[in-house]
Amino acid sequence: MQNYSLLTDLYQLTMAYGYWKTGLKDHETVFHLFFRKHPFQGGYTIACGLQPAIDFINHFSFSKDDLDYLATLTGNDGKPLFAIEFLEYLESLENTLTVHGVPEGTVVFPHEPLLRLQGPIILCQLLETPLLNILNFQTLVATKASRIARAAQGEPVLEFGLRRAQGVDGGLAASRAAYIGGCAATSNVLAGKMFGIPVKGTHAHSWVMSFPTEEEAFEEYAKAMPNNCVFLVDTYDTVEGVKNAIEVGKKLRTEGHEMVGIRLDSGDLASLSITARKLLDEAGFTDASIVASNDLDEYEMKTLKEKGAKINVWGVGTRLVTAYDQPALGGVYKLAAIRKPGGDWAYKVKLSEQAIKVSNPGILNVRRFVADGQYAGDIIFSEEWQPDMCRFETFSGEKIQQKTDSHQDLLVPVFEKGKMVYPMADIHQIRAIAQAGMRQFPDSVFAQTSPETYAVGLEPRLLSFKLELMNRAK
């Protein structure tokens, strides 16, 4: 990965300079990265982006070119913004962080830390913006992909969004996150190479328009790629396009190949798919797929299924990779503890008139309890007060007390004092984690509208301590 250490907001560097000048740079801190509300008015979120974040931290350093650029920045008086000695300090900065993170593909909930960074305040501060950039976007898209995949009810979803994605980096990150969230393949060839995602694709309308007739266009494509024939049938008249595809499919069979299917990209997808299925079946192409695209998302897919559409492969692009109905997750990064070298921890809480924006103090983890094979509730706890039973009050005020069989802590070691200790998984393993984890929650948590609220709250002693800190700070 290229070094993008200047991919940050200027105020991270100005604060770092302030810590350096005031002698705070070696104070040890704990920061948590989390979000406050599920995206898409849903009941769950899929954590994504940990491994790219690890890669970023591993390559984090300031090059001579970076420092030469920073030396050109000036303040309001026209003088250099940063002292040369500070820039020299940045050049020598090394990763000494201890980091814990939630494995990608894990189902997570508001206020639960996705990352916990412990180390020098200056280093933790410099990483805030890039880590939020990575995890916010990939978590958002993985969640959207999961919702779409659930709407497909087991039928494959192909991610077709590169041409509408938010730039090159956005397109690559979206393809990765979409596969983790549940898509079966992508049209993005570079993402296929970089991440090992299956790639799928056939031809566009321009191919059909390049030939005198639609049937000739299909015939020439079949000659060129007899093992990849999904014909786009709506360039002119869709029903006639299906019939032309059938005729070419028959010729393919005589040559020992099979038409994979057809694609619908416009019109009344429900009605056209029903007609196409009838024509294909009557012609003996019962195994031919009907692929649909055209601004699909989980809501449109649900409507199409309710209308009896005969679509069995879904091509989803714009509304997936841009997270069309909610373009940002809103994750935040908050200081929770600080101490002088050799001193005791001072736990911190950020106050707000909005209860949802009051941060949680301490060195936090999340314990997920299991009862009768299903997840029963999550307790956010401080490392010094570890819960031994599933007893807590949720953020909505519901009191939970349940006998459980086992538990697991969601945050796992990633770096220990700068050394990476996390076993990197391949993308297929991560995708499998997401699918397996979702099976351990009640289906009602994943409802498209009005989902059930999964039980999450603070460990009782942590809650009492938080309230005490809030009262002290007033």
Side-chain angles (χ1 to χ4, degrees), residues 11-12 15-16 18-19 22-37 97-102 108-125 127-128 131-132 135 330-369 377-401 409-411 453 455-474:
Y11 74 75
Q12 308 293 3
M15 284 190 289
Y19 295 140
T22 57
L24 289 175
K25 65 181 176 61
D26 293 323
H27 280 44
E28 189 176 11
T29 53
V30 173
F31 282 82
H32 299 112
L33 188 155
F34 60 96
F35 62 94
R36 297 184 178 116
K37 291 176 65 177
L97 294 172
T98 293
V99 180
H100 289 71
V102 174
V108 290
F109 299 91
H111 307 290
E112 298 182 344
L114 306 186
L115 274 184
R116 185 181 84 206
L117 279 73
Q118 181 174 336
I121 189 169
I122 198 165
L123 190 53
C124 289
Q125 195 74 72
L127 287 167
E128 173 179 358
L131 293 180
L132 282 168
L135 271 79
V332 294
Y333 185 90
K334 297 299 178 186
L335 175 69
I338 187 169
R339 65 179 174 185
K340 299 177 183 178
D344 295 329
W345 285 112
Y347 295 124
K348 298 293 181 176
V349 62
K350 176 203 169 292
L351 297 185
S352 172
E353 293 179 356
Q354 298 172 265
I356 195 173
K357 288 194 171 185
V358 178
S359 64
N360 295 317
I363 304 172
L364 304 181
N365 205 326
V366 182
R367 185 156 293 177
R368 179 161 290 169
F369 288 87
D378 290 2
I379 296 180
I380 301 169
F381 67 96
S382 178
E383 293 283 5
E384 62 183 299
W385 298 311
Q386 300 208 10
D388 56 4
M389 61 184 297
C390 189
R391 182 179 65 83
F392 63 101
E393 182 178 308
T394 69
F395 289 108
S396 62
E398 180 186 2
K399 295 188 183 301
I400 302 291
Q401 183 163 344
D409 291 347
L410 299 192
L411 288 165
T453 300
V456 180
L458 299 183
E459 193 275 335
R461 289 164 292 184
L462 174 60
L463 176 58
S464 296
F465 180 61
K466 175 182 177 178
L467 295 173
E468 180 184 331
L469 284 184
M470 290 170 64
N471 286 329
R472 278 191 223 161
K474 289 179 179 177

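Everything numeric in this text was worked out from a predicted model, so none of it was measured.
Looking at residues two or more places apart in sequence or on another chain, you find a salt bridge (Lys or Arg N to Asp or Glu O under 4.0 Å) between R367 and D409. For the ring pair (Phe, Tyr, Trp, His ring centres under 6.0 Å) test, no residue two or more places apart in sequence or in another chain qualifies with H27. The salt bridge (Lys or Arg N to Asp or Glu O under 4.0 Å) test applied to D26 returns no partner, not counting sequence neighbours. Partners of R116 according to the salt bridge (Lys or Arg N to Asp or Glu O under 4.0 Å) rule, which considers only residues two or more places apart in sequence or in another chain, are E383. With sequence neighbours excluded, no residue forms a salt bridge (Lys or Arg N to Asp or Glu O under 4.0 Å) with R36.
Taking every heavy atom of both residues into account, L411 and P113 meet most closely at CD2-O, 3.6 Å.
In this structure the side chain of F465 never reaches within 4.5 angstrom of the side chain of L467, judged on heavy atoms. Looking only at side-chain heavy atoms (C-beta outward), H111 and V456 stay at 4.5 Å or farther from each other. Between L364 and F381 there is no side-chain heavy-atom pair separated by less than 4.5 Å. Put simply, the side chain of L97 reaches to within 4.5 Å of the side chain of L123, judged on heavy atoms. A heavy-atom distance below 4.5 Å is found between the side chains of L458 and F395. Residues K37 and I356 form a side-chain contact, since some pair of their non-hydrogen atoms from C-beta on lies under 4.5 Å apart. Side-chain contact check for L410 versus E112: some heavy-atom pair is nearer than 4.5 Å. P120 is not listed as a side-chain neighbour of T29, based on a closest heavy-atom distance of 4.5 Å or more.
Within the model, atoms NZ of K466 and CD of E459 stand 13.5 Å from one another, a figure rounded to the nearest 0.5 Å. From L132, atom CG reaches atom CZ of F34 across 10.0 Å, with rounding to the nearest 0.5 Å. Remark: I121 CD1 to K25 NZ distance equals 12.5 Å, nearest 0.5 Å. Note: D388 CG to Q386 CD = 10.0 Å, rounded to the nearest 0.5 Å. Here CD of E468 is found 12.0 Å from CE of M470. Values are rounded to the nearest 0.5 Å. To the nearest 0.5 Å, atom CZ of residue F109 and atom CD1 of residue I380 are 11.0 Å apart.
Residue S382 is tested with N360, N365, L462 for a side-chain contact (heavy atoms from CB on, under 4.5 Å); the sole match is L462.
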Working for side-chain contact (heavy atoms from CB on, under 4.5 Å), residues V366 and I379: CA-CA 6 Å; V366 182; I379 296 180; over 6 Å; no

Please lay out, stage by stage, how L117 and V30 fare under the test side-chain contact (heavy atoms from CB on, under 4.5 Å). CA-CA 6 Å; L117 279 73; V30 173; over 6 Å; no

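When atom types are taken as modelled, the side chain of E128 and the backbone of Q125 share no donor-acceptor pair closer than 3.5 angstrom.
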Hey, can you pull the donor-acceptor pairs under 3.5 Å for the side chains in residues 332-352, sequence neighbours left out?
unit_1, atom_1, unit_2, atom_2, d
Y333, OH, C124, O, 2.7
R339, NE, E28, OE1, 2.8
R339, NH2, E28, OE1, 2.9
Y347, OH, E384, OE2, 2.9
S352, OG, Q354, N, 3.0
S352, OG, Q354, O, 3.4

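In this structure, R461 places its CZ atom where more than 12 heavy-atom neighbours from other residues, nucleotides or ligands lie under 6.0 Å away.
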